[in-house]
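As structure tokens, the structure follows; a few thoughts come after it.
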Amino acid sequence: MCGIIAYTGQRQCKDLLYQGLRKLEYRGYDSAGLSVLSDGRIELVRAVGNLDSLEQELRGDGCTGASLGLGHTRWATHGRPSTENAHPHLDCDGKISIVLNGIIENYQELRASLKAEGHEFTSETDAEVVAHLVEKFYEGDLVAAVRKSISEISGHFAFCVIHKDHGGLIVGARKECPLLIGVGKGENFIASAIPAFLSETRDVMVLGDDEMVVVTPDGVQILDLELQPLDREVTRVSWDAEAAEKGGYETFMRKEIYEQPGALADTLAGRLPDEGGVVLEELTISAEDLAKIDKVYLVACGTSYHAGLVGRYVLENWARVAVELDVASEFRYRDPVLSPSTLVVGISQSGETADTLVAMRQARSLGAKVLAITNIMGSQATRDADGVLYTRAGLEIGVAATKTHVAQIAAIQLLALYLAQIRNTLPADEIDAIARELRSVPELMRGYLDNEATAHEIAKRYYQQPFFLYLGRGVGLPVCLEGALKLKEISYIPTEAYAAGEMKHGPIALLDQGSPVVVVANDGHVYEKVVSNIEEVRARDASVIAVATEGNEGIRTLSEDVMYIPRTSEMLSPLLSVVPLQLLAYYIAQLKGCNVDQPRNLAKTVTVE
Ligand code: F6R
């Protein structure tokens, strides 16, 4: 996702910042920029596209002589990729410059009130409000102005600020998005990831949540939000450049599994406001048109299709709308019955999958309204649709989708809640209760991942098995399908995923002594039925690996192994229950020595039909 680099010291920083941005390229971006303090004024250079475009802009005399500056790579979330929306942003007078990662959830209210006070905005971004807030509160003390600004904003973010009258000073702040300080000699760096400054220094300080940092060439001061100084150790990192890109994780897939709480929080941000209801601003299909919808048709491929399968349950349950679903490669060869009151939802992480694009175009030509759910701003799917709902998972590098999958599930849940609101199929207080619970899931997931210990142990016991069966019912079924796909694609172990009730109609013949059977058995209205299926498995001496709800001690007596996930309501449970299955697949593939980031024969984006 977005990347930050900032420098203060004695050297000319244009090149240092630019090289820092190069090291952040792996995070994905669609525009980039620098701002530097040069001859007592802030110079700004920004460009759309890759860093070569920025380099073109930087050629010549611009920004030379400067030894204080900010750099940013932007992955568009609020506002399309454009020069105006690229960071850094300035205040009205061009005295203050900021770069920001994350999302300011209340930016619209802030923007409206700042505008009413006379601030002029030049971009569509949420980030620009921070430049104007700091301007509003600035009375000669940049640290105090940043502190006051933080108390106005809600969301999750990391940002850095410079002011033309404070040569050598960078003020940074962080809430839930990473910010690190690279400590040098007579110079210091701030960045969102270590690779940005790794070639210059290996001495690192980590900024914590709700902390600020005041950095000059000769000092680093970390403060809490009462502006009280905090002690912080300097750690020397020994990673090589590649390990640093992976943030210390051994693979991108593992890093992306651990990034899921953030991907989920970003996807929900600003869409479930505290005051209640669901707000889907960028959904350009009007509420009136959506109210007339009598059928939702979900089309997608692979992992995205599995997100669609979860979507069917929530759309039926919350929005009480008829739902059909197909893999995109089949949809086009059927004769689908569509009308202007059908909403076709194409789900595609990349927004470039050929089969999904063809299906969406076909649906549009048959008169249906088409919505794209995608992670990539400006992708083809966004151009082939009447409306777009973005997942905000950040760039996914591992070929096997993980964080984009949970973000897709969340996006469909948002859509289902929004339709429920428009169609009055759920009372407002029930929508708000679901919204509150949904907002709590990123934290539950973070807690789960921080303490997760069983998946690796289970993987060690089963990784040499030749076959895995996955069983689930209700919303547990798509989770099984996804878990089975993850295992087969990264470990090459054959898997089958089945509706648990269907097992006795065929797949039960596959079971033998010790065959591993993964069962999603979360608490919910189908739990007792799933237990009956577990008994059927045990009667064949197969081994049950259950995913169950925390607190369900009884299931231990029915299973060889249990992976517990935090308790949520049933419709939200797929967000969490898929995570242990991702980890199980991951560890098994690792133990088998497979390349999990680039499994054989697979491509991240499939642009052929
Ligand atoms: C599996 C995986 C694929 C994709 C599928 C669709 O881990 O990533 O199954 O889900 O190729 O891709 P998108 O979502 O880009 O349309």
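Whatever order the structure lists them in is the order used to number ligands and atoms, beginning at 1.
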field: Identity of the nearest option to atom 13 (P) of ligand 1, non-hydrogen atoms only, from T353, T404, I347
entry: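 Nearest option to atom 13 (P) of ligand 1, by heavy atoms: T353.
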
List ligand 1 atoms under 4.0 Å from [X], heavy atoms only on the residue side.
X: V399; result: 8 (O)
X: S350; result: 13 (P), 15 (O), 16 (O)
X: S304; result: 10 (O), 13 (P), 14 (O)
X: Q349; result: 13 (P), 14 (O), 15 (O), 16 (O)
X: E489; result: 1 (C), 7 (O)
X: K486; result: 1 (C), 7 (O)

- request: Only counting residues at least two apart or in another chain, list the ones meeting side chain to side chain contact (heavy atoms under 4.5 Å, CB included) with D30.
  value: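 Partners of D30 under the side chain to side chain contact (heavy atoms under 4.5 Å, CB included) test: R74, A76, P81.
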
- prompt: For A589, which residues count as a side chain to side chain contact (heavy atoms under 4.5 Å, CB included) partner, sequence neighbours excluded?
  reply: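 Side chain to side chain contact (heavy atoms under 4.5 Å, CB included) check on A589 returns I490, S491, C594, V596.
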
query: Under 3.5 Å between some N or O of ligand 1 and some N or O of S348?
result: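 So ligand 1 has an N or O lying under 3.5 Å from an N or O of S348.
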
field: Pair N85-H78, side-chain donor/acceptor within less than 3.5 Å
entry: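 Absent: no donor and acceptor within the cut-off.
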
Can a donor-acceptor pair be found, under 3.5 Å and without considering hydrogens, that links the side chain of [X] to the backbone of [Y]?
X: H72; Y: A86; answer: no
X: N101; Y: C2; answer: yes
X: Q421; Y: V278; answer: yes
X: E437; Y: T568; answer: no

Among all protein heavy atoms, pick the one closest to [atom] and tell me residue, atom and distance.
atom: atom 6 (C) of ligand 1; value: C301 O, 3.4 Å
atom: atom 11 (O) of ligand 1; value: V606 CG2, 4.1 Å
atom: atom 3 (C) of ligand 1; value: T303 N, 4.0 Å

- prompt: Going through the checks in order, is the salt bridge (Lys or Arg N to Asp or Glu O under 4.0 Å) test met by D597 and R254?
  reply: CA-CA 9 Å; D597 282 340; R254 177 124 196 232; over 6 Å; no

- prompt: Does T374 have a heavy atom less than 4.0 Å from any atom of ligand 1?
  reply: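 Flag not set, T374 not near ligand 1.
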
message: Any heavy atom of H306 closer to ligand 1 than 4.0 angstrom?
response: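 The answer is no: ligand 1 sits nowhere under 4.0 Å from a heavy atom of H306.
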
field: Among E256, E396, E259, Q408, side chain to side chain donor-acceptor pair (under 3.5 Å) partner for K403
entry: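 Among E256, E396, E259, Q408, the one meeting side chain to side chain donor-acceptor pair (under 3.5 Å) with K403 is E259.
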
